[in-house]
Chemist: 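What follows is a structure written as structure tokens; I'll ask about it next.
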Amino acid sequence: MDPQQLRTFVAVAAAGSFSAAAHSLGYTQSAVSQQIAALESDLGVVLLHRRPSVAVTEAGARLLEHATPLLLRLSAARTDVTRAAGTPSELLTVAVHPLAADRLATVLEQVRPDFPRLEVRVVVAGSTAVATAVARGDVDLGVAVGLATSGDPLRLPEVGPIRAVGMVEEPVAVILPADHPLAGRPDVRLADLVDAGWIDAPEAGCGLALLRTLTNERRFRARLHLTGPDVQGLLALVAAGQGLTLLPPRALPPERTSLVAVPVRAAALPTRGARTRPRAGGLAAGGAAVTFRQELLSTGRSGPAALAVAAVFAGA
């Protein structure tokens, strides 16, 4: 399949309109129609219904499942090749999960004196977006955070040649409204909360799909779904009684008296973080990026059941 035709198909499917896709891609509408027709001819199937409105067919839906990861891997491959021939830059771009922003700030404070001319740009994003940005070459390195069983690697999406290296772990706690019946307990078992209403917030720190997988417990149910890495928004929703979540206790500001953090018994589910970096070339081959990596990895582990922040590498 022609990658450009595939990109055009994804754009039309997302926009639900040939004209809107043409506008976003900078093509004429006839050029978009020709590319879709050529792709359908190549595959021998109809991918899009044209009337009464534009919508994917069953075959189109199947192709759409493959298209996004395929295009991402193509982009990652291009970035990996061009990155190897890159020249050093005085600009370092870092993607960071909000739960790891304090660690990034500490490393910045330690590293900046050695690179007085270095300009740093920070992008706050969920862990999936962090990994994707590193694979695409949009950022030089990243710090991702997520749930993981103690000692296991952070699970990241299949976006390219990246790998995670554990940095640090912290115990997680169930974040409850202060008037919740379990708020006064010294700890709580997750098994006691399978029938509670949860907030499904994978980008902010606690996704129920992963929680079900890690605990082998399918009864966790979502009362509300939160999109985006907004940890403070997640806490506000918990305080408003919209559901429970899992976060490291330090994520709860002291002024949030309407919330309490009750430790998870046996600390079986630490959150884990990961840092990402390119494999070679440009700034990532030395200088600030290497220093950042060394400083991040030197944070050490705080215990057998800790908030896990790990390093993610682009390339082997």
Chemist: Would Arg250 and Asp102 pass as an ion pair if we require N to O under 4.0 Å?
Modeler: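 Yes, Arg250 and Asp102 are salt-bridged.
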Chemist: For Gly228, is there any backbone N or O sitting under 3.5 Å from a side-chain donor or acceptor partner on Glu203?
Modeler: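 The answer is yes, because a donor-acceptor pair under 3.5 Å joins these two groups.
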Chemist: What is the minimum heavy-atom distance between Ser33 and Phe18, and which atoms define it?
Modeler: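 Nearest pair, atom of Ser33 first, then Phe18: OG-CD2, 3.6 Å.
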Chemist: Within a strict 4.5 Å, meaning less than it, do heavy atoms of the Glu217 and Arg212 side chains meet?
Modeler: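 Answer no - side chains too far apart.
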Chemist: Distance from Leu6 atom CG to Leu74 atom CG, nearest 0.5 Å?
Modeler: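 Spacing of CG (Leu6) from CG (Leu74) equals 8.5 Å.
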Chemist: Hey, are the side chains of Leu48 and Thr57 touching, using non-hydrogen atoms and a 4.5 Å cut-off?
Modeler: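 No - every pair of side-chain heavy atoms lies 4.5 Å or more apart.
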Chemist: Does Glu119 CD have over 12 foreign heavy atoms under 6.0 Å away?
Modeler: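 Yes - once you tally the heavy atoms of other residues, nucleotides and ligands closer than 6.0 Å, there are more than 12.
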Chemist: Would you say that His66 contacts Met1 through its side chain, given a criterion of any heavy-atom pair below 4.5 Å between the two side chains?
Modeler: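 Not in contact.
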Chemist: Among Thr245, Val174, Leu247, Leu176, which one satisfies side chain to side chain contact (heavy atoms under 4.5 Å, CB included) with Val238?
Modeler: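 It is Thr245, the one option of Thr245, Val174, Leu247, Leu176 that forms the side chain to side chain contact (heavy atoms under 4.5 Å, CB included) with Val238.
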Chemist: Would you say CZ of Arg223 has more than 12 non-hydrogen atoms from neighbouring residues, nucleotides or ligands within 6.0 angstrom?
Modeler: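 Atom CZ in Arg223 is packed in, count exceeds 12.
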Chemist: Output yes when a side-chain donor or acceptor of Arg221 lies under 3.5 Å from a complementary backbone atom of Asp195, and no otherwise.
Modeler: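 Yes: the side chain of Arg221 pairs with the backbone of Asp195.
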Chemist: What do you reckon, is NE2 of His180 surrounded by more than 12 foreign heavy atoms closer than 6.0 Å?
Modeler: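 Counting other residues, nucleotides and ligands, NE2 of His180 exceeds 12 neighbours.
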Chemist: Does one hydrophobic cluster hold both Val12 and Val46, with members joined at side-chain heavy-atom distances below 4.5 Å?
Modeler: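 Shared cluster, no.
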Chemist: Begin from the C-alpha positions of Arg50 and Glu40 and carry the test salt bridge (Lys or Arg N to Asp or Glu O under 4.0 Å) through to its verdict.
Modeler: CA-CA 13 Å; Arg50 272 67 167 180; Glu40 290 178 327; 2.8 Å; yes
Chemist: List the steps, then state whether side-chain contact (heavy atoms from CB on, under 4.5 Å) holds for Val10 with Leu64.
Modeler: CA-CA 7 Å; Val10 171; Leu64 203 57; 4.1 Å; yes
Chemist: Please say yes or no: joined through hydrophobic side-chain contacts below 4.5 Å, possibly via intermediate residues, are Val45 and Leu39 part of one cluster?
Modeler: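 Linked, Val45 and Leu39 end up in one cluster.
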Chemist: Would a distance-only check, ignoring hydrogens and angles, find a side-chain to backbone donor-acceptor pair under 3.5 Å from Asp200 to Leu208?
Modeler: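 Here the side-chain-to-backbone pair exists.
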Chemist: Any heavy-atom pair between the side chains of Leu190 and Leu246 that's under 4.5 Å?
Modeler: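 A side-chain contact under 4.5 Å exists here.
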Chemist: Treating Trp198 as the side-chain partner and Leu193 as the backbone partner, does any N or O pair qualify as donor plus acceptor under 3.5 Å?
Modeler: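 Between the backbone of Leu193 and the side chain of Trp198 there is a qualifying donor-acceptor contact (under 3.5 Å).
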Chemist: Could you tell me whether the side chain of Thr93 reaches within less than 4.5 Å of the side chain of Leu141, counting heavy atoms only?
Modeler: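 A side-chain contact under 4.5 Å is absent here.
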Chemist: Would the distance check show the side chain of Thr8 and the main-chain N or O of Val32 forming a donor-acceptor pair, the cut-off being under 3.5 Å?
Modeler: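 No, because the side chain of Thr8 does not come within donor-acceptor range (under 3.5 Å) of the backbone of Val32.
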Chemist: Do Val122 and Val96 have side chains that approach each other closer than 4.5 Å (heavy atoms only, starting at C-beta)?
Modeler: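 Yes, at least one pair of side-chain atoms sits under 4.5 Å.
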Chemist: Please find the pair of heavy atoms, one from Thr257 and one from Ala178, that lie closest to each other, and give the distance.
Modeler: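 Taking Thr257 first and Ala178 second, the nearest heavy atoms are O-CB, 3.7 Å.
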Chemist: Distance from Phe9 atom CZ to Ile36 atom CD1, nearest 0.5 Å?
Modeler: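 Interatomic distance, Phe9 CZ to Ile36 CD1, rounded to 0.5 Å: 7.0 Å.
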Chemist: I need the minimum non-hydrogen distance between Val130 and Ala125, along with the two atoms involved.
Modeler: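 Closest approach of Val130 to Ala125, heavy atoms only: CG2-O, 3.8 Å.
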Chemist: Starting at CD of Gln242, measure out to CD1 of Ile199 and round the result to the nearest 0.5 Å.
Modeler: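 That separation rounds to 7.0 Å.
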Chemist: Between Ala261 and Leu252, what is the shortest heavy-atom contact and its length?
Modeler: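 So the two residues come closest at N-CD2, 3.7 Å.
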Chemist: Between Arg185 and Asp192, is the closest basic N to carboxylate O distance under 4.0 Å?
Modeler: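 Salt bridge present between Asp192 and Arg185.
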Chemist: Determine the minimum heavy-atom distance between Pro171 and Pro249, stating which atoms define it.
Modeler: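 Closest approach of Pro171 to Pro249: O-CD, 3.2 Å.
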Chemist: If only atom types and distance count, is the side chain of Ser41 paired as donor or acceptor with the main-chain N or O of Ala37 below 3.5 Å?
Modeler: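 Such a contact is absent between Ser41 side chain and Ala37 backbone.
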Chemist: How about Tyr27 and Gln34: does a side-chain donor come under 3.5 Å of a side-chain acceptor?
Modeler: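 Looking only at side-chain atoms, Gln34 and Tyr27 do not form any donor-acceptor pair under 3.5 Å.
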Chemist: Does the side chain of Leu234 come within less than 4.5 Å of Asp230's, by heavy atoms?
Modeler: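 Of all side-chain heavy-atom pairs linking Leu234 with Asp230, none is under 4.5 Å.
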Chemist: What is the minimum heavy-atom distance between Ala15 and Ala20, and which atoms define it?
Modeler: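 For Ala15 versus Ala20, the nearest heavy atoms are CB-CB, 3.9 Å.
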Chemist: Can you find a heavy atom in the side chain of Val143 that is under 4.5 Å from one in the side chain of His97?
Modeler: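 Counting from C-beta outward, Val143 and His97 never come under 4.5 Å.
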Chemist: Once rounded to the nearest 0.5 Å, what's the spacing between atom CD of Gln5 and atom CG of Leu43?
Modeler: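 One gets 9.0 Å once the value is rounded to the nearest 0.5 Å.
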